[in-house]
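Just so you know, residue 1 is the first one in the sequence shown, and it goes up from there.
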Amino acid sequence: MDTLELILHPVRLRIMWALSGGRTRTTSDLCESLPDVPKTTLYRHVAMLADAGLLEVASEQRVRGMIERHYRLRHDALRIDPDTAQAMSNEDHRHGFAVAMAALLAEFNAYLDRPGADPAADRVGYRQGTLWLSPEEMEEVAGELLEVLRARAGNGPAPRRRPHVISAIFFPTEQRNQDDGGL
């Protein structure tokens, strides 16, 4: 199974999100974070990610005669490089998008199902809008967003901090034409 196929699975995406932000977690911790995922399913997917080198063992300790592993993401192994993205078919992109949306929906439902969930107080947002942009302006917007996100990307766990999922989705809503350099 290639990296793209490993990543494009709702449960594995959720495991990776649960380990994002430099966090290390045991499979027991992950079971608590993802209570809607059966334990056997979660253990199987953690093993797949670890075997593929997408997760690494950060530490081990003996607990009640068993070895407990603390896993973390290997960010260098998770990148879909531009050549791979370019080689993806439209069907690959459709599948990837559907999996990402399914994982996002599962995360959102898990958030809402938590005791004390308060979308207004937590400033939950899921707005959509349209920007009219030239290809150059789109590049500028993407660069500006990356700059804003990079300023916080190194944040780690700290008092009053908790992880937030951010999902930016960009795609044109109309076909390209001759005037904008398209087909």
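Interatomic distance, Ile169 CD1 to Met101 CE, rounded to the nearest 0.5 Å: 3.5 Å. Interatomic distance, CG of Asp83 versus CD of Gln86, reported as 8.0 Å (0.5 Å rounding). Rounding to the nearest 0.5 angstrom, the gap separating the NE2 atom in His70 from the CG atom in Asp29 is 7.0 Å. The CD1 atom of Ile15 sits 7.5 Å away from atom CG of Leu55, with the distance rounded to the nearest 0.5 Å. Interatomic distance, Asp92 CG to Thr84 OG1, rounded to the nearest 0.5 Å: 10.5 Å. If you take CZ on Arg14 and CG on Leu19, they are separated by 12.5 Å, rounding to the nearest 0.5 Å.
Summarising the geometry of Arg12 relative to Leu6, their closest heavy-atom pair is NE-O, 2.6 Å, with the distance given to 0.1 Å. For the residue pair Ile7 and Leu13, the shortest heavy atom distance occurs at O-CG, 3.2 Å. Of all the heavy atoms in Arg23 and Pro163, the pair that sits closest is NH1-CG, 3.2 Å. The two atoms that bring Tyr71 and Val57 nearest to each other are CE2-CG2, 3.9 Å, heavy atoms only. Nearest heavy-atom pair across Leu112 and Ala117 is O-CB, 3.8 Å. Taking each heavy atom of Cys31 and Lys39 in turn, the nearest pair found is SG-CG, 3.5 Å.
Glu139 pairs by the salt bridge (charged side-chain N to carboxylate O under 4.0 Å, His left out) definition with nothing, not counting sequence neighbours. Listed by chain and residue number, nothing satisfies the side-chain contact (heavy atoms from CB on, under 4.5 Å) test with Ala47 (two or more places apart in sequence, or in another chain). Partners of Glu91 according to the salt bridge (charged side-chain N to carboxylate O under 4.0 Å, His left out) rule, which considers only residues two or more places apart in sequence or in another chain, are Arg94. By the side-chain contact (heavy atoms from CB on, under 4.5 Å) test, Leu145 pairs with Val141, Phe170, sequence neighbours left out. In this structure, the salt bridge (charged side-chain N to carboxylate O under 4.0 Å, His left out) partners of Arg69, at least two apart in sequence or on a different chain, are Glu60. Residues that satisfy the side chain to side chain donor-acceptor pair (under 3.5 Å) test with Thr40, not counting sequence neighbours, are absent from this structure. Listed by chain and number, the residues in a salt bridge (charged side-chain N to carboxylate O under 4.0 Å, His left out) with Arg72 are Glu56 (sequence neighbours excluded).
Sequence neighbours left out, the pairs with a member in residues 84-109 that pass ring pair (Phe, Tyr, Trp, His ring centres under 6.0 Å) are Phe108-Tyr126. For residues 141-160, the set of pairs meeting the ring pair (Phe, Tyr, Trp, His ring centres under 6.0 Å) definition, not counting sequence neighbours, is empty. Sorted by first then second residue, the ring pair (Phe, Tyr, Trp, His ring centres under 6.0 Å) pairs that include residues 132-163, not counting sequence neighbours, number zero. Residue pairs meeting the ring pair (Phe, Tyr, Trp, His ring centres under 6.0 Å) criterion with at least one member in residues 3-61, sequence neighbours excluded: His9-His45.
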Listing, residues 149-162 side-chain donor-acceptor contacts under 3.5 Å, not counting sequence neighbours, or none:
| unit_1 | atom_1 | unit_2 | atom_2 | d |
| --- | --- | --- | --- | --- |
| Arg161 | NH1 | Gly156 | O | 3.0 |
| Arg162 | NH2 | Asp122 | OD1 | 2.3 |

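By the criterion of side-chain heavy atoms lying less than 4.5 angstrom apart, applied directly or through intervening Ile, Leu, Val, Met, Phe, Trp or Tyr residues, Leu131 is grouped together with Met138 in one hydrophobic cluster. Hydrophobic cluster membership differs between Leu104 and Leu30, with clusters built from Ile, Leu, Val, Met, Phe, Trp and Tyr side chains linked at under 4.5 angstrom.
The number of heavy-atom neighbours closer than 6.0 Å to CG of Asn90, taken from other residues, nucleotides and ligands shown, is 12 or below. At most 12 non-hydrogen atoms from other residues, nucleotides or ligands lie less than 6.0 angstrom from CD of Glu147.
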